[in-house]
Amino acid sequence: MKRILTGLQPTGVITLGNYVGAIRKMKQLQDEYDSFIFVADMHAITIPQDREQLPKNIRSLVALYLACGIDPKKNTIYIQSENIYHANVSWMLECNSYYGELSRMTQFKDKSRKNANFTVGLLTYPVLMAADIIIYDADYVPVGVDQKQHVELARDIAIRFNKKYGDTFKVPDFYYTDTEVKIMDLQDPTKKMSKSAENPKGVIKLLDDLDDVRKKIMKAATDSEAVVRFDPENKPGVSNLMGIYAALTYKSMEDIEEEFKGQNYGTFKKAVADVVCSELEKIQARYYEILNGKELDRILDEGREKTLAMAKEKYEMMKKKIGLYRG
Ligand code: AMP
Ligand code: TRP
């Protein structure tokens, strides 16, 4: 069975974009693949985090995974920082990665431009991500397109290591789907919907109050044409709402155009709000049950023990190949 692996950072409540782009993709694949899903808490500290809030976010993200339908019987679920080997393997990979390739990463360029006083961790972040992936010999990495460059780097690092030290890692691949959706900001539909957006009105978070969600959708930016038609370039707002509707109902854009022919935006938005709220309502009900239950810790303990044993094996193998042992 091929293996898939993904992680999300515990930085604030995840958005509808994360849900559709990453978590739901994993849920759809969990029957066909050996699935690993984790909390990338060490990636989160590449930028400052509140130390009281961070542990709450970590727990909350796991509860959300489960509430979104990630089945603990079909997935290995764990927290990155509970496994010391990720950082150890990352160091050995860092010593086989180049400043040039890391400084060329788009995400690094963007984030370091925004804050000139960035940490070295922000630069080496993709190497830790490569370690997360190749330590478990993952075949595919289902992430949103914005993370594709990092997966490609993980490939390069794995290939390079294998060439230098002999076959050690499986070479991973970005997981492509034919319905690759990027959910955009409701207020500024030219930007992706992001946890860190300045204007909360443009972002739907999975734990938002449902009345607020409805309001945000009803107030989403559209255009003056009053025709429900998919045209991301000229009608980014309407096309984004169609994308959300399509993602949650599995309807095609043509079917959606047909369904709302001759109807105004108010009616269309109400339909979008209905499907989003109904999806979130189910997730939220399960979330609060799971968050306070005992099951969550049991699942994480199991995930930690399993991944520690797997990672240790790879780590020892790497040490030997590199020559890190008493001669
Ligand atoms: P981030 O919140 O940017 O750290 O992303 C976590 C995961 O969710 C990654 O796999 C992203 O590619 C995916 N993701 C984030 N925002 C969106 C979005 N607006 N649409 C689709 N996928 C997204
Ligand atoms: N960098 C990813 C993000 O911000 C999170 C992540 C860390 C990840 N390690 C990973 C995703 C390994 C997939 C595989 O979204």
Side-chain angles (χ1 to χ4, degrees), residues 1-7 9-10 34-47 49 51 54-55 58 75-105 108 118-141 149-173 297-327:
M1 208 185 220
K2 296 259 189 199
R3 181 170 294 154
I4 51 171
L5 177 146
T6 204
Q9 296 188 43
D34 179 19
S35 309
F36 282 53
I37 185 164
F38 70 100
V39 177
D41 55 347
M42 282 159 52
H43 278 99
I45 61 166
T46 51
I47 51 175
Q49 297 296 330
R51 68 192 166 105
L54 186 57
I58 292 170
N75 291 265
T76 303
I77 305 172
Y78 54 103
I79 294 169
Q80 185 186 33
S81 69
E82 290 187 355
N83 189 328
I84 50 166
Y85 296 106
H86 289 236
N88 278 295
V89 168
S90 181
W91 176 255
M92 292 193 255
L93 297 178
E94 271 181 45
C95 296
N96 288 283
S97 305
Y98 296 95
Y99 176 76
E101 59 188 351
L102 296 182
S103 59
R104 277 196 297 275
M105 292 289 118
F108 170 72
F118 58 85
T119 66
V120 179
L122 197 65
L123 176 72
T124 57
Y125 165 125
V127 187
L128 178 60
M129 180 160 163
D132 296 337
I133 298 168
I134 65 180
I135 211 174
Y136 302 114
D137 286 324
D139 293 283
Y140 298 110
V141 185
Q149 199 183 31
H150 292 157
V151 178
E152 280 160 3
L153 182 77
R155 276 181 73 83
D156 291 346
I157 292 175
I159 292 170
R160 188 182 302 147
F161 195 99
N162 287 346
K163 224 183 237 163
K164 192 163 169 191
Y165 298 106
D167 217 16
T168 312
F169 300 112
K170 202 167 245 181
V171 178
D173 238 322
D297 286 298
R298 193 196 55 75
I299 292 165
L300 288 175
D301 288 349
E302 207 175 282
R304 182 192 58 218
E305 294 311 311
K306 177 175 170 186
T307 55
L308 272 172
M310 290 175 75
K312 180 171 195 291
E313 205 172 302
K314 200 62 123 186
Y315 168 75
E316 297 294 348
M317 190 196 281
M318 286 174 80
K319 272 182 68 181
K320 216 171 186 176
K321 294 198 178 198
I322 293 175
L324 287 172
Y325 54 89
R326 279 188 217 164

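Position 1 is the first residue of the sequence; numbering continues from there.
- Here the CD1 atom belonging to I135 is positioned 9.5 Å from the CE atom belonging to M310, to the nearest 0.5 angstrom.
- The closest side-chain heavy-atom distance from F38 to L5 is below 4.5 Å.
- Side-chain contact check for N96 versus K164: some heavy-atom pair is nearer than 4.5 Å.
- Looking at every heavy atom in both residues, L54 comes nearest to P10 through CD1-O, 3.8 Å.
- Within 6.0 Å of NZ on K312 lie no more than 12 heavy atoms contributed by other residues, nucleotides or ligands.
- E316 and K320 are not joined by a salt bridge, as no carboxylate oxygen comes within less than 4.0 angstrom of a charged side-chain nitrogen.
- Proximity of a side-chain donor or acceptor of N162 to a complementary backbone N or O of T168 within less than 3.5 Å is detected.
- The shortest non-hydrogen separation linking M105 to E101 is CE-O, 3.5 Å.
- For residues 77-89, every residue pair satisfying the side-chain hydrogen bond (donor to acceptor under 3.5 Å, both in side chains) rule, not counting sequence neighbours, is listed here: D41-S81, H43-Q80, Q80-D132, N83-Y136, N83-T307, H86-D132, H86-Y136.
- F169 contributes atom CZ, which lies 12.0 Å from atom CD1 of I133 (distance to the nearest 0.5 angstrom).
- When all heavy atoms of A130 and L93 are compared, the closest pair comes out as C-CD1, 4.3 Å.
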- Task: Could you walk me through whether D34 and R3 pass the salt bridge (Lys or Arg N to Asp or Glu O under 4.0 Å) test, one step at a time?
- Result: CA-CA 5 Å; D34 179 19; R3 181 170 294 154; 2.9 Å; yes
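- Inter-residue side-chain proximity for Y98 and R160 is flagged as met; some heavy-atom pair is nearer than 4.5 Å.
- At a threshold of 4.5 Å between non-hydrogen side-chain atoms, the residues M318 and F161 count as touching.
- Atoms OH and CG, from Y315 and L324 in turn, are 7.5 Å apart once rounded to the nearest 0.5 Å.
- Taking CE from M92 and CD1 from I157, the interatomic distance works out to 13.5 Å, rounded to the nearest 0.5 Å.
- In this structure the side chain of V151 never reaches within 4.5 angstrom of the side chain of Y140, judged on heavy atoms.
- For the pair K321 and M317, the minimum side-chain heavy-atom distance is below 4.5 Å.
- Look at R304 and D301 and you find a salt bridge, because one of the NZ, NE, NH1 or NH2 atoms lies within 4.0 Å of a carboxylate O, short of that distance.
- Atom CD1 of I134 is separated from atom CZ of R155 by 12.0 Å, given to the nearest 0.5 angstrom.
- The closest donor-acceptor contact from the side chain of T119 to the backbone of T46 lies under 3.5 Å.
- Here the CG-CD1 distance, from L122 to I47, works out to 7.5 Å after rounding to the nearest 0.5 Å.
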- Report the C-alpha separation of M42 and L128 in whole Å, then their side-chain angles, then the decisive distance to 0.1 Å, and conclude whether the side-chain contact (heavy atoms from CB on, under 4.5 Å) test is met. CA-CA 9 Å; M42 282 159 52; L128 178 60; 3.9 Å; yes
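- No donor-acceptor pair under 3.5 Å is formed between the side chain of E94 and the backbone N or O of T124.
- The side-chain heavy atoms of V39 and L300, taken from C-beta on, include no pair separated by under 4.5 Å.
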